[in-house]
Structures are given as C-alpha cells and as structure tokens.
Amino acid sequence: MLGLRMADKDPTAVNLVIAQITPGYVASYGQIAASAGYPGRARWVGKLLAQLPADSSLPWHRVVNSVGVIRAPRADIARQRLLDEGVVVKDGRIDMKRFGWMRDA
DNA sequence: CGCTTGACCCTGG
DNA sequence: TCCAGGGCCAAGC
C-alpha cells in the first residue's frame, strides 16, 4: 500500500558488515553487499561509501575491489592504515588470497 | 527524458 | 591476472 517499502535497501546493514571486518583483512564491495543481504548490489555499496562523511568511524579503508586494488578517493590514507594493520600492499594491490575477507581459502 | 559516470562484479577466453 | 561483454543502480547533465 502506498508504495511504502519497509527495509528497501537499508544502508545500516551495510555499515554493520563493514564494521565487522577483522582488522588486518579486507573485504570487497560485492562480498559486503551479499553479506548485508543485497547480492549483486556492489555498486550501491560503493555509492554509499562515496557519500560517507570524512569523519566517519567506519573502517572504509578495509574495503577494496575484487582484485585487491584500493579504489577510493583517499587511497593514500587507506593504504597507510592497511599497512599499519599489517596488510601487505604490493604495487598498489593486495593479495586477496591472503588478506581477503577472513582468508577463507 | 536519455546518456554518461561511478570507491563494482561475474563469466569466458 | 588481463580483456571483453553484460548486469546493476542512482545521480548529474
């Protein structure tokens, strides 16, 4: 009725997932989207992060694309934080086999 | 109102 | 891992 969607794409779910990423590891947009209950909506996650306030406490630096490249406006800051957490950034890229999500495989 | 752009991803080759 | 093709979705112009 009246087109009122209750939880039509709730950004909170995404924020929660990002907040749960283990320090020292990274997650891709797609993984986060799927984990938040929105498989295939990776772009949407990117959009949310793009609009994230600069003073957000969310660990946005732990979010990279599926090939391990930091694709963020403040990539330098993200890289710095990741290095500080022990993530190896080789030639602007992260080995997802080793640092991806929770190194599942 | 349609085309372009963007913190994207999966499948095949 | 790289490239091409197709999908996804919202904001700008």
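Keep in mind that this is a model prediction, so the values were computed, not measured. So that the names make sense, note that chain A is the first sequence line, chain B the second, and so on, each numbered from 1.
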Side-chain atoms of residues 71-87 of chain A: list all donor-acceptor pairs with protein atoms under 3.5 Å, sequence neighbours left out, distances to 0.1 Å.
from: R81(A); atom 1: NH1; to: H61(A); atom 2: ND1; distance (Å): 3.3
from: E85(A); atom 1: OE1; to: G24(A); atom 2: N; distance (Å): 3.2
from: E85(A); atom 1: OE1; to: R62(A); atom 2: NE; distance (Å): 3.1
from: E85(A); atom 1: OE2; to: H61(A); atom 2: NE2; distance (Å): 2.9
from: E85(A); atom 1: OE2; to: R62(A); atom 2: NE; distance (Å): 3.2
from: E85(A); atom 1: OE2; to: R62(A); atom 2: NH2; distance (Å): 2.9

What protein N or O atoms touch nucleotides 4-7 of chain B N or O atoms at under 3.5 angstrom, if any, and at what distances?
from: dG6(B); atom 1: N7; to: R43(A); atom 2: NH2; distance (Å): 3.1
from: dG6(B); atom 1: O6; to: R43(A); atom 2: NH1; distance (Å): 3.1
from: dG6(B); atom 1: O6; to: R43(A); atom 2: NH2; distance (Å): 3.1
from: dG6(B); atom 1: N1; to: R43(A); atom 2: NE; distance (Å): 3.4
from: dG6(B); atom 1: N2; to: K47(A); atom 2: NZ; distance (Å): 3.1
from: dA7(B); atom 1: O4'; to: R71(A); atom 2: O; distance (Å): 2.1
from: dA7(B); atom 1: N7; to: L49(A); atom 2: O; distance (Å): 3.4
from: dA7(B); atom 1: N7; to: A50(A); atom 2: N; distance (Å): 3.4
from: dA7(B); atom 1: N6; to: L49(A); atom 2: O; distance (Å): 3.1
from: dA7(B); atom 1: N3; to: Y29(A); atom 2: OH; distance (Å): 2.9

Heavy-atom contact window of chain A on DNA chain C, given 5' to 3' at under 4.0 Å: dT1(C) to dA10(C)
Residue met sooner reading DNA chain C from 5', once W44(A) and V67(A) are mapped to nucleotides: V67(A)
Distance test, side-chain N/O of S66(A) to OP1/OP2 of dC8(B), below 4.0 Å: no
Reported CD1-to-OH distance for the pair I18(A) and Y29(A), which is rounded to 0.5 angstrom: 9.0 Å
Pairwise side-chain contact, K47(A) with Q51(A), heavy-atom cut-off 4.5 Å (strictly under): yes
Polar side-chain atom of N65(A) near backbone of V67(A) as donor-acceptor pair, under 3.5 Å: yes
N or O in side chain of S28(A) less than 4.0 angstrom from dC9(B) OP1/OP2: yes
Aromatic contact, W101(A) with Y25(A) (centres under 6.0 Å): no
Any Y38(A) side-chain heavy atom under 4.5 Å of D10(A) side chain: yes
Interatomic distance, Y38(A) OH vs dC9(B) C1' [rounded to whole Å]: 19 Å
Distance, P atom - from dA7(B) to dG5(C), rounded to whole angstrom: 23 Å
Atom pair OG1/CG of T12(A) and L48(A) - distance to nearest 0.5 Å: 10.0 Å
Matching residue for V26(A) among V64(A), V63(A), I21(A) - test: side chain to side chain contact (heavy atoms under 4.5 Å, CB included): V64(A)
